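Heads up, the thing below is written out as structure tokens.
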Amino acid sequence: MIDLLLQESVSKALNSLYNISIEAKDIVLSATKKEFIGDFTLVVFAFVKQAKKSPEQIANEIGKFVKADCEDIEGFNVIKGFLNFEVAQSYWLKFVDINKTKYTFGYQTIREEKPVVVEYSSPNTNKPLHLGHIRNNLLGWSVAEILKANGYAVKKVNLVNDRGIHICKSMLAWQRFGSGETPQSTGMKGDHLVGKYYVLFDKEYKRQIGEMVEKGVDKDIAEKTAPFLLEAQDMLRKWEAKDEKVIELWTMMNGWVYEGFDETYKKLGVDFDKVYHESNTYLLGKELVKEGVEKGVLYQREDKSIWCDLTADGLDEKLLQRADGTSVYMTQDLGTAVLRHKNFNSDKLIYVVGNEQNYHFTVLKLVLKKLGFAWADNLYHLSYGMVELPEGKMKSREGTVVDADDLIDEMIETAKQQTLEHGKTDGFSEEEANKLYHMLALGALKYFMLKVDPSKNMLFNPKESIDFNGNTGPFIQYTHARIRSIIRKAEEGKDIVIEHIRLDTSLELNLKELEIVRNLYAFPMIIDQAGQTNSPALIANYVYDLAKSFNAFYQDIPILKEENESIVAMRVSLAAFVGNTIKTAMNLLGIKVPERM
RNA sequence: GGUCCAGUAGCUCAGUUGGAUAGAGCAACUGCCUUCUAAGCAGUAGGUCGUGGGUUCGAAUCCCGCCUGGAUCACCA
């Protein structure tokens, strides 16, 4: 790797010229900006004080030293305090030659034996998945894959919220109004069917409140004592007492929902190594709380409720167990965290959860540490922002929720329309064409979601997302298809096999080709960085840049008509390399790239 | 009110550990399809990086104040 050699050489130069000792790995080299000549840039301002010379002088001296020391450095130029190293063309050609048909995942060796546990998705079983879940699922899945590419063992887990008053609401409404409806009898997806009854509950509940208020009952009281709500609460008590009939109904309806979810997950291309259910985990954590009290880390109030005092950390006091001995959300999460640590022998937990729970996770981490779990330091909340619509926030009550399944179907339909308009699928079988529409629709959706920094709220504009121009998934997919086309044509016409082409290292690369090669060179570093920051956005923006620069190059340089065979070989090799890199990068985002379109 | 996050072109977003003249796409306007996929390419126009200070050779980036928007501050999950 030329950048490592450069770092070493610069380190040597600093030492021998100015007696400054900096380890090679701490030498900061950046990619030279397009408008300047060179490949790597060293900023020398930092050494001015110690070297006691002008920046220009220092840059020139280091440049000379490195040029003599490092054989692949052909030259250098100095602009103010910026020292630009020029890497020999032959080096880049060798680089292309070696990697042209390879997939270059960052680290392929195992970095750590212990797995990283990534929790994501975590739906409720009372309603179907919506736009927010899509962001969550795509982020979680992609982060897991990026970590794998960085040499971590990864376990993807899902914690389904399958119990509680909200679940009872849809159960009750189904009993009352359902007249035996099932997914089979209605042809509805199970999660949608159950969601329908959740809405019906709310309707009836509101109607009852209205009726009571009309009769002169105070609104607050009506909201708390409406018969339908009391029935739901009663049902929850029965559930907790393991009432046979309630459990039977609960099992059946949840079963419908899971089938529905599985279908949506499949469409999105996400999967899990283990699924946890809150019905099994909601009682966890009580032991921990008890131990905490014994250790004196937690304290009990006169009413027997148990608290954790976080005022020393600038936070409030946090309840961990109610006076009646029942546990709360936090208690449960403490329990599941410890359970996971045990289940997977894992010291690293990543939670993909919306930023409205930032406080919750700060507290979770602190309490775990207080309870004496050192691994709590490695608990990471991958917090993501809300997805907003042009019309404003999504509100389930106002019916402005964008349903995940509907959205996906809509995207596929639009992909189909646009593709037909462009006549792209002429000569495709129906199966091939449908496959392509899927790829494009999901590519558009996934790319749109993942290219944005997770921590930020984002605006989802359905119309714009289905735009197939610009910084979009389909543009990158299109670039890949064009690259495959070049390779097909090259192989047909020239009877060549890319693996066996040896590149002539005396060739000259033009500026656009150099830009592409540097971009390719940066790929492993991009993956590495994304692994550390858990950011698919980094990879998305990288692969877009690569696709864009390749398209520009490809537009005005004839590849196959070039007379000189070694130039043809070089360009086809470069195309193959770019194609593989795009495929690899897109894989990490969960996006498929078509061979042709 | 306390805490946390965000504010970059008309809109949606990038901007590596502080580096050179802050970048893309969309929308607008100009060109380019007998030539490997025009879902493309080239170009024009568009900026007080919310704001005021500070740190230094250098700040969109780090620190402090203020303004704006959002989240959260439940014996809900």
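Side-chain atoms are counted along with the backbone in the values below, which use heavy atoms only and exclude waters and symmetry mates. Lettering follows sequence order; numbering is per chain, from 1. Source: prediction; values computed, not measured.
Distance noted for atom C1' between G52(B) and C13(B): 27 Å (whole Å). Rounded to the nearest Å, the gap between the C1' atom of U51(B) and that of G69(B) is 15 Å. Straight-line distance between the P atoms of U30(B) and G70(B): roughly 40 Å, to the nearest whole Å. When the P atom is compared between U21(B) and A59(B), the two are found 11 Å apart, to the nearest whole Å. Taking atom P in both G46(B) and G1(B), one finds a spacing of 41 Å when rounded to whole Å.
Contact annotation for Ile306(A): no contact, since no heavy-atom pair falls under 4.0 Å across all strands. Note on Lys424(A): a base of the nucleic acid sits closer than 4.0 angstrom, heavy atoms only. Heavy atoms of Tyr329(A) sit under 4.0 angstrom from at least one base atom. Base engagement by Ala481(A) is indicated by at least one non-hydrogen atom pair under 4.0 Å involving a base atom. Counting any heavy atom pair closer than 4.0 Å across all strands shown, Gln357(A) reaches a base atom.
With both pairing distances under 3.5 Å, A9(B) is matched to nothing as a Watson-Crick or G-U wobble pair.
Both Leu315(A) and Trp307(A) sit near RNA chain B, but only Leu315(A) has its closest nucleotide nearer the 5' end. When each of Phe36(A) and Lys548(A) is assigned the nucleotide of RNA chain B bearing its nearest heavy atom, the one mapping closer to the 5' terminus is Phe36(A).
Under 3.5 Å, the side chain of Asn84(A) and the base of A20(B) form at least one donor-acceptor pair of N or O atoms.
Ring stacking is absent between His166(A) and A77(B), as the pair misses the limits of under 5.5 Å between centres and under 30 degrees between planes. The aromatic ring of Phe475(A) is not stacked on the base of A39(B), since the criterion of ring centres less than 5.5 Å apart with planes inclined by under 30° is not met. Stacking between Tyr544(A) and the base of A24(B) is absent under the criterion of ring centres within 5.5 Å and planes under 30 degrees.
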Applying side chain to side chain contact (heavy atoms under 4.5 Å, CB included) to Arg135(A) and Leu450(A), what does each step give before you reach the verdict? CA-CA 8 Å; Arg135(A) 191 176 193 187; Leu450(A) 292 174; over 6 Å; no
